[in-house]
Amino acid sequence: MRTRRGGAVGLGRRWPRRRVPGPAPVSGRERPWSRRGRGQHPYDERKSSMMDSEDLVLTSSKQDIAHHIVKVSSGKHYFCGYCAAFTNIAITFPIQKVLFRQQLYGVRIRDAVCQLQKDGIRNLYRGLLPPLMQKTTTLALMFGLYQDFSSLLQRHTNAPELVTCSVAAVLAGTTEALLTPFERVQTLLQDYKHHDRFTNTYQAFKVLKDYGIKEYYRGLVPILIRNGPSNVLFFGLRGPIKQCLPEATSYSAHLVNDFICGGLLGAMLGFLFFPMNVVKARMQSQIGGEFQSFPKVFMKIWLERDRKLTRLFRGAHLNYHRSIISWGIINATYEFLLKLL
């Protein structure tokens, strides 16, 4: 007779089952799934794994968002720097032109203004396009690259913040030097000796093309000497100077503080590196011929001005006042736009 419970063929006699050694029997209310983890249901395990995957997704999403924020903030810094430079150039270009005449020829303010009056109102904004293109791009790179390089260095190195920020400022200033051709053409257009040779930016670039690519980069050395250290001082001292000013409690007060901070820094740096701009203007006013070294041109100017430091800094006081206005506008506009975006 077959037994139902055994499920095997037999004659009614039930043979004892062989006991196979195994884990201890489960007691009480414990269930077999407790072997996975005491008191853990398979549903709980699936729920835990789902939570882990959700955490992974959230973490990756946060990283993506952070990466996106870095990109957006970087773009914001570039845009604010561009707009700040545009505002500054449109307002201060005539002052810059008077200053340039003093740097190049060592004349007094009255003589430089008389030269501009003789040129006429039509030529007052002559040469505006190169500095407009150069300054807007340069300041966009200055602020944007500084932020990008600072973030990269702080993320991938263990150096102190002061070191990473200083290196980032130097790298940003060195990158700006790629735009030297715009300063070169601006110098040629502002020099009245070249008024008859070309009348616009395109003609100036076309004339330099005949001399080779190297001709576009006359005056590169003083630009490199100027850009790196001045960027380090500007970004390093901007915060401490603003902290010394009275605490701002409104947007207008912040705007005034940013103007004062940028103006003081710009005036100080402009005065400190003024001889670099004098040598640069002399080097870039030449078309063709020998490429003279920075020390040679500096000594030539030094001898021409009777070895007097005051004559080497002729035009520095006008540059000081111009820099207060110029860098005040740049810093205030930059910070204002940064708060809006």
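Along the sequence shown, residues are numbered consecutively beginning with 1. Atom set for the values below is all heavy atoms of this structure, side chains included, hydrogens, waters and symmetry mates excluded.
Looking at Lys135 and Phe86, their side chains never come closer than 4.5 Å, going by heavy atoms from C-beta outward. Residues Leu272 and Leu233 meet the side-chain proximity criterion, which asks for heavy atoms closer than 4.5 Å. Contact annotation: the side chain of Val98 never approaches that of Arg322 to less than 4.5 Å [non-hydrogen atoms, C-beta and beyond]. Between Gln292 and Met283 there is no side-chain heavy-atom pair separated by less than 4.5 Å. Using a 4.5 Å heavy-atom threshold, the side chains of His77 and Leu338 count as touching.
Residue pairs meeting the ring pair (Phe, Tyr, Trp, His ring centres under 6.0 Å) criterion with at least one member in residues 151-179, sequence neighbours excluded, do not occur. The ring pair (Phe, Tyr, Trp, His ring centres under 6.0 Å) pairs that include a residue from residues 210-231 are Phe205-Tyr216, where partners are two or more places apart or lie in different chains. Every pair passing ring pair (Phe, Tyr, Trp, His ring centres under 6.0 Å) that includes a residue from residues 283-328 is listed here, sequence neighbours excluded: Phe234-Trp327, Phe271-Phe313.
Remark: the backbone N or O of Glu215 is paired with a side-chain donor or acceptor of Arg184 at under 3.5 angstrom.
Summarising the hydrophobic clusters (Ile, Leu, Val, Met, Phe, Trp, Tyr; side-chain heavy atoms under 4.5 Å, direct or chained), the residues clustered with Leu152 are none. Hydrophobic cluster membership of Tyr202, counting Ile, Leu, Val, Met, Phe, Trp and Tyr whose side-chain heavy atoms lie under 4.5 Å apart directly or via other members: none, as it forms a cluster of its own. Residue Leu162 shares its hydrophobic cluster (ILVMFWY side chains chained together at separations under 4.5 Å) with no other residue. Val256 belongs to a hydrophobic cluster whose remaining members, ordered by chain and number, are Leu245, Ile260, Leu264; membership requires side-chain heavy atoms of ILVMFWY residues under 4.5 Å apart, directly or through intermediates.
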Leu309/Leu312 under side chain to side chain contact (heavy atoms under 4.5 Å, CB included): CA gap, chis, key distance, verdict: CA-CA 5 Å; Leu309 194 62; Leu312 185 63; 4.1 Å; yes
Intermediate values then yes/no, side chain to side chain contact (heavy atoms under 4.5 Å, CB included), Met268 and Leu237: CA-CA 11 Å; Met268 180 191 72; Leu237 297 177; 3.9 Å; yes
Carefully, step by step, assess Phe259 and Leu255 under the rule side chain to side chain contact (heavy atoms under 4.5 Å, CB included). CA-CA 6 Å; Phe259 183 90; Leu255 201 64; over 6 Å; no
For Val163 and Thr157, run side chain to side chain contact (heavy atoms under 4.5 Å, CB included): C-alpha distance rounded to whole Å, both residues' side-chain angles, the deciding distance at 0.1 Å, then the answer. CA-CA 10 Å; Val163 175; Thr157 63; over 6 Å; no
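Residues satisfying the side chain to side chain donor-acceptor pair (under 3.5 Å) criterion with Tyr251, sequence neighbours excluded, are absent altogether. Take Asp191 and apply the side chain to side chain donor-acceptor pair (under 3.5 Å) test, not counting sequence neighbours, and it matches Tyr105. In this structure, the side-chain contact (heavy atoms from CB on, under 4.5 Å) partners of Asp111, at least two apart in sequence or on a different chain, are Val107, Arg108. Remark: Ser323 engages no residue in a side chain to side chain donor-acceptor pair (under 3.5 Å) (not counting sequence neighbours). Under the side chain to side chain donor-acceptor pair (under 3.5 Å) criterion, Glu183 pairs with Gln134, Arg226, Lys280, sequence neighbours left out.
Annotation: the span from Ser150 atom OG to Leu171 atom CG amounts to 9.5 Å, rounded to 0.5 Å. The distance from the CG atom of Leu340 to the CD atom of Glu335 is 11.5 Å, given to the nearest 0.5 Å. Remark: Asn88 CG to Ile330 CD1 distance equals 4.0 Å, nearest 0.5 Å.
Of the residues Asn257, Asp258, Asn331, the one that meets the side-chain hydrogen bond (donor to acceptor under 3.5 Å, both in side chains) test with Lys242 is Asp258. A side chain to side chain contact (heavy atoms under 4.5 Å, CB included) with Gln284 is found for one member of Val279, Thr187, Leu220 and no other, namely Thr187.
Neither Ile223 nor Met276 shares a network with the other; the hydrophobic side chains, linked directly or stepwise wherever heavy atoms of I, L, V, M, F, W or Y lie under 4.5 Å apart, form separate groups for each.
The pair Lys97-Asp119 does not count as a salt bridge, with every side-chain nitrogen at least 4.0 angstrom from each carboxylate oxygen.
A side-chain donor from one of Asp148 and Tyr78 sits under 3.5 Å from a side-chain acceptor of the other.
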